[in-house]
Colleague: 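One structure, as structure tokens, below. Some questions next.
Start at 1 and go down the list; that is how both ligands and their atoms are numbered.
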Amino acid sequence: MADFHVLIVGAGRLPPPPLAPKSMLSANTPQSYKRYGITGLLLAQALKKANITYTLFEAEVSAEAYRPRQWGLSIHWSTPLLKRILPEDLWERVHEAQCDPFYQNPEVENLNIYDGTTGQKMNHMYNKKLTSIAPSEDGKTVTATFEDGSSYTGSILVGADGTNSKVRHLLLGEEKAIAQPASTPEKPFVFTNSTVQYKAEQALFLRQLHPTFYMCLHPEGGLFWVSPQDVPDQNDPSTWKFQLFMNWRGTTDRRNVLPELKVWASKLVDPWKSAIEWLSDDEVIETQKIAYWYPIERDNWGGRVTLAGDAAHPMVPFRGQGLSHCIADVTSLLAQLQAHLQDNSGMPLAAVINEYDAEVVARAGDEVKTSLQTMEFLMTWELVEQSPSFKRSADPNEAAMKIIGKA
Ligand SMILES: Cc1cc2nc3c(=O)[nH]c(=O)nc-3n(C[C@H](O)[C@H](O)[C@H](O)COP(=O)(O)OP(=O)(O)OC[C@H]3O[C@@H](n4cnc5c(N)ncnc54)[C@H](O)[C@@H]3O)c2cc1C
């Protein structure tokens with residue numbers, strides 16, 4: 001165990017600082033941020049709990065570099081897995097990461113993200129953009145090299161580097177690794193995801209239908225989602241931020257689709273109608289690229305390189321299953337690494353990583369397909385009732401139990 005060391009590529013960042021009041025923001029200031037790197041940070045926490053050493057690497061230049069766009073992550077069946085792999089003190093604080101930390105809903109569990117090595121701000125791992133990986137001659141280690149010329153060697157490398165994973169491309173080559181766009185010339189879709197704010201009375205109105213999220217479908221092929229994204233002050237609705245995840249059939253040859261969205265508002269009822277109509281005309285609703293990739297059996301260099309999270313199975317977000325599979329990956333990988341590191345009777349690394357890869361391919365591959373089908377069905381009114389979301393629950397606890405049973 002002493003010599004075993006895990007390299008994690010893709011480690012995200014700490015939660016952003018509180019945002020400036022809207023009046024202080026310039027036109028170029030991003031008004032919301034996505035918290036990237038969940039899989040890498042979670043794996044770090046799980047390894048820490050299991051006393052396995054690791055080093056994190058992240059392409060972003062610093063912990064302060066945030067990208068615009070943000071969405072909420074709903075955890076479903078992976079909650080028991082999360083509880084199992086997180087250190088107890090972090091599990092106790094998981095509720096703090098809810099979009100609205102004041103909202104009491106025992107059925108909603110969220111993941112709070114911290115630096116996996118020290119619990120403090122991490123600078124040493126930033127500005128490390130992976131460029132290449134190489135096995136040692138004896139096959140016992142793997143070396144990762146980064147854009148700044150630095151190299152690090154470990155026992156195993158985990159690519160947790162998101163949808164367009166560099167690790168996946170290096171393992172499989174461009175042709176096999178490339179993620180497919182969910183909108184194509186044959187089946188064009190407009191995807192948008194924005195974080196917006198309203199006046200206090202408008203914000204209150206928009207939370208009346210449901211306090212966490214609601215969505216509607218339109219017969220012409222549209223899906224309109226509203227959910228609170230951030231509730232900094234429970235008593236001041238003007239501070240609340242909302243996520244609008246609005247999608248419809250159509251081509252994406254333009255950047256700002258607000259005028260088109262306003263036309264949709266005229267076809268919808270409240271609260272979706274007002275959620276759109278109340279957007280100011282200078283708001284920019286950008287189109288978004290969404291991609292997917294079917295996980296496949298692959299050479300893992302004798303168990304020295306593997307994938308986790310979106311890197312292993314980017315999927316369209318129409319069943320909200322991405323994060324649950326990230327958590328399941330970490331649980332499954334940790335169990336396999338522990339089986340390898342067991343005193344005396346440790347399984348060979350190649351065997352345990354083969355088993356992990358196969359489990360991910362079977363579990364998440366099915367979800368990549370189901371999510372894509374769900375997207376198409378939801379945007380096709382006649383087929384809505386046949387959607388897997390209506391036939392199949394988003395809470396297949398047996399998936400979580402299966403992994404725990406294996407561990
Ligand atoms: C609109 C939308 C809504 C969603 N809603 C939900 C939901 O409700 N529920 C749910 O479960 N899931 C949802 N998802 C999916 C969920 O966001 C993802 O599954 C999850 O965030 C993936 O986390 P990750 O850590 O695997 O990847 P990422 O968050 O993409 O992190 C990858 C990290 O790797 C770093 N990186 C990339 N390349 C390199 C490199 N070469 N070298 C070093 N570092 C690198 C990146 O900078 C980043 O920090 C949604 C997705 C979208 C788009």
Colleague: Just wondering, more than 12 heavy atoms not from Lys273 lying within 6.0 Å of its NZ?
Modeller: yes
Colleague: Please check whether Gln243 reaches ligand 1 - meaning an N/O of the residue sits under 3.5 Å from an N/O of the ligand, judged on distance alone.
Modeller: no
Colleague: With ring centroids as reference points, do Phe4 and His340 lie under 6.0 angstrom apart?
Modeller: yes
Colleague: Centre-to-centre under 6.0 Å for Phe242 and Trp225, is that the case here?
Modeller: no
Colleague: Take atom NZ in Lys267; do more than 12 heavy atoms of anything else shown fall under 6.0 Å from it?
Modeller: yes
Colleague: So if I count the atoms of ligand 1 from 1 in the order they appear, which ones are less than 4.0 Å from some heavy atom of Lys129?
Modeller: 41 (N), 42 (N)
Colleague: Any salt bridge between Arg249 and Glu220, counting N to O under 4.0 Å?
Modeller: no
Colleague: Nearest heavy atom to atom 43 (C) of ligand 1 wins, so pick from Gln321, Lys166, Lys128.
Modeller: Lys128
Colleague: Leu323 heavy atoms, cut-off 4.0 Å: which ligand 1 atoms fall inside?
Modeller: 10 (C), 11 (O), 12 (N), 19 (O)
Colleague: Consider every N or O of Gly37 and every N or O of ligand 1, then say whether any pair is closer than 3.5 Å.
Modeller: yes
Colleague: Consider every N or O of Gly40 and every N or O of ligand 1, then say whether any pair is closer than 3.5 Å.
Modeller: no
Colleague: Answer yes if the ring centres of Phe318 and Phe245 are under 6.0 angstrom apart, and no otherwise.
Modeller: yes
Colleague: Which of the numbered atoms in ligand 1 are under 4.0 angstrom from any heavy atom belonging to Gly322?
Modeller: 10 (C), 11 (O), 12 (N), 19 (O)
Colleague: Check ring-ring contact (aromatic ring centres under 6.0 Å, His included) between Trp272 and all other residues, then give those that pass, not counting sequence neighbours.
Modeller: Tyr214
Colleague: Name the orientation class of the two ring planes belonging to Phe224 and Trp264 (parallel below 30°, tilted from 30 to 60°, perpendicular beyond 60°).
Modeller: tilted
Colleague: So with a 6.0 Å cut-off around NZ of Lys83, is the heavy-atom count from everything else above 12?
Modeller: no
Colleague: Against heavy atoms of Gly309, which atoms of ligand 1 measure under 4.0 Å?
Modeller: 26 (O)
Colleague: Need the ligand 1 atom indices (1-based, order shown) with element for anything under 4.0 Å from a heavy-atom of Ala160.
Modeller: 32 (C), 33 (C), 34 (O)
Colleague: Answer yes when Glu359 and Arg363 have at least one side-chain N-carboxylate O distance shorter than 4.0 Å, and no when they do not.
Modeller: yes
Colleague: Geometry only, no angles: is Val9 polar-contacting ligand 1 at N/O separations under 3.5 Å?
Modeller: no
Colleague: Are any of the N/O atoms on Ala59, whether in the backbone or the side chain, positioned under 3.5 angstrom from an N/O atom of ligand 1?
Modeller: yes
Colleague: For ligand 1, which is the ligand I care about here, please tell me if Ala11 has any N or O atom under 3.5 Å from one of the ligand's N or O atoms.
Modeller: no
Colleague: Any idea which of Asn164, Asp161, Asn247 brings a heavy atom closest to atom 37 (C) of ligand 1?
Modeller: Asp161
Colleague: Which is closest to atom 40 (C) of ligand 1 by heavy-atom distance: Leu307, Leu130, Thr39?
Modeller: Leu130
Colleague: Using distance alone, decide if ligand 1 has a nitrogen or oxygen within less than 3.5 Å of any nitrogen or oxygen in Asn193.
Modeller: no
Colleague: Does ligand 1 have a heavy atom under 4.0 Å from the side chain of Phe146, from its backbone, from both, or from neither?
Modeller: neither
